[in-house]
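Throughout, numbering of the chain's residues begins at 1 and tracks the sequence.
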Amino acid sequence: MEGLPESYVIKASHGSGEKFLEIIRSRENTNNNKILKKINKSLNKKYGKLSKEYFYDIQKPKILIEKLLLNKKGEVPSDYKFHCFNKKGKFEFYIQVDNDRFSNHTRDVYNKKLEKEPFSMIYETSTKEEPKPKNLDKMIEIAKILSEDFDYIRVDFFHLEEEVYVGEMTLAHESGLGKFYPKTADQDFGKLWEIDFNNKNLYYDNPYREIRE
């Protein structure tokens with residue numbers, strides 16, 4: 001496809017996972033027809049209905065194309081996901097670090113003191129200690145600002161050498177079904193979540209079922 005960079009990501013705006021995206025590392029060695037057929041097919045999928053994340057089912061999904069972010073080694077950078085909690089005006093967080101997402105996926109969790117937690121979330125923990133990224137303080141500050149209107153939200157970043165990119169924000173980590181090992185870690189997360197039922201951000205239009213207050 002003309003006008004596109006050598007490497008990029010093409011994806012649908014209303015879904016999550018491999019069925020809704022394609023990573024292009026070399027434009028010249030790409031079967032455009034195959035990719036467009038896959039992405040166009042994904043536009044007709046109701047991901048929100050399948051995952052119970054109804055906010056995904058927007059009326060007019062679109063195709064998004066973004067530059068593929070790679071580090072100096074040509075690898076996809078680590079993904080820093082901030083689990084943000086606002087409890088009585090106090091900002092609390094855990095940092096989830098995902099490495100090698102498209103090969104040997106590992107996941108580590110750090111508390112706000114940057115201590116590695118002794119539990120896992122779906123994926124195995126790595127055997128290494130993640131070095132403190134250069135712009136960690138910047139990511140914390142941005143996460144605090146973006147999450148201030150929510151009791152809980154996950155704010156994701158890509159850290160690439162000197163730059164920080166916001167990946168996404170989601171209210172439903174792992175569709176709300178991600179398992180903790182051991183289960184007591186789930187309780188530790190839950191203790192930080194103080195739900196304010198007067199918060200309008202808790203509610204959204206749901207075309208499939210009635211929401212009762």
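- Separating the OH atom in Tyr94 from the CE atom in Met121 is a distance of 10.0 Å, to the nearest 0.5 Å.
- Shortest non-hydrogen contact noted between Val166 and Ile142 is CG2-CG2, 4.3 Å.
- Between Glu117 and Gln96, the closest side-chain pair of non-hydrogen atoms is not below 4.5 Å.
- Between the side chain of Arg107 and the backbone N or O of Asp98 there is no donor-acceptor pair closer than 3.5 Å.
- Side-chain contact between His159 and Met139 is present, with heavy atoms from C-beta onward closer than 4.5 Å.
- Atom OG1 of Thr170 sits about 7.5 Å away from atom OH of Tyr152, to the nearest 0.5 Å.
- Cluster membership for Ile24 and Leu64, using ILVMFWY side-chain heavy atoms within less than 4.5 angstrom, is not shared.
- The shortest distance between side-chain heavy atoms of Tyr165 and Phe157 does not fall below 4.5 Å.
- Taking CG from Leu171 and CG from Asp151, the interatomic distance works out to 10.0 Å, rounded to the nearest 0.5 Å.
- Applying the side-chain hydrogen bond (donor to acceptor under 3.5 Å, both in side chains) test to Glu148 and every residue at least two apart in sequence or in another chain returns nothing.
- Under the 4.5 Å side-chain criterion, counting only non-hydrogen atoms from C-beta, Val9 is not in contact with Glu22.
- For residues 60-71, the salt bridge (Lys or Arg N to Asp or Glu O under 4.0 Å) pairs, not counting sequence neighbours, are Lys11-Glu66.
- Nearest approach of His14 to Lys45, heavy atoms of both residues: NE2-O, 3.0 Å.
- Counting heavy atoms from C-beta on, the side chains of Thr184 and Phe119 never come closer than 4.5 Å.
- Val109 and Tyr181 are members of different hydrophobic clusters when ILVMFWY side chains are connected at heavy-atom separations under 4.5 Å.
- Heavy-atom minimum distance, Val155 versus Cys84: CG2-SG, 4.1 Å.
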Problem set entry | salt bridge (Lys or Arg N to Asp or Glu O under 4.0 Å) between Arg154 and Glu168, worked out | CA-CA 8 Å; Arg154 199 190 77 204; Glu168 71 166 306; 3.3 Å; yes

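- Annotation: Phe93 is not in aromatic contact with His83 [ring centroid separation under 6.0 Å not met].
- At least one side-chain heavy atom of Lys116 sits less than 4.5 Å from a side-chain heavy atom of Ser126.
- Proximity of Asn86 to Ser147: side-chain heavy atoms (C-beta onward) are separated by under 4.5 Å at one or more points.
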For this session: Could you please spell out the steps behind the side-chain contact (heavy atoms from CB on, under 4.5 Å) verdict for Ile153 and Leu146?
Result: CA-CA 9 Å; Ile153 195 166; Leu146 293 178; over 6 Å; no

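- Rounding to the nearest 0.5 angstrom, the gap separating the CD1 atom in Ile23 from the OG atom in Ser7 is 10.5 Å.
- Residue Lys144 qualifies as open at atom NZ: its count of foreign heavy atoms under 6.0 Å is 12 or below.
- Rounding to the nearest 0.5 Å gives a distance of 8.0 Å between CD1 of Ile39 and CD1 of Ile35.
- Phe20 approaches Ser42 most closely through the heavy-atom pair CE2-O, 3.7 Å.
- Closest approach of Ile95 to Leu114, counting heavy atoms only: CD1-CD2, 4.0 Å.
- Proximity of a side-chain donor or acceptor of Asn135 to a complementary backbone N or O of Lys138 within less than 3.5 Å is not detected.
- Expressed to the nearest 0.5 Å, how far CZ of Phe158 lies from NZ of Lys81 amounts to 6.5 Å.
- In terms of heavy-atom proximity, Gly178 sits nearest to Ile122 at CA-CD1, 3.8 Å.
- Looking only at side-chain heavy atoms (C-beta outward), Phe180 and Ser120 stay at 4.5 Å or farther from each other.
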For this session: Verify side-chain contact (heavy atoms from CB on, under 4.5 Å) between Arg25 and Leu70, making sure each step is shown before the conclusion.
Result: CA-CA 10 Å; Arg25 291 182 176 271; Leu70 299 173; 3.8 Å; yes

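- Proximity of a side-chain donor or acceptor of Lys87 to a complementary backbone N or O of Lys191 within less than 3.5 Å is detected.
- Ile145 and Phe85 fall into different hydrophobic clusters, where Ile, Leu, Val, Met, Phe, Trp and Tyr residues are linked whenever their side-chain heavy atoms come under 4.5 Å apart, directly or through other members.
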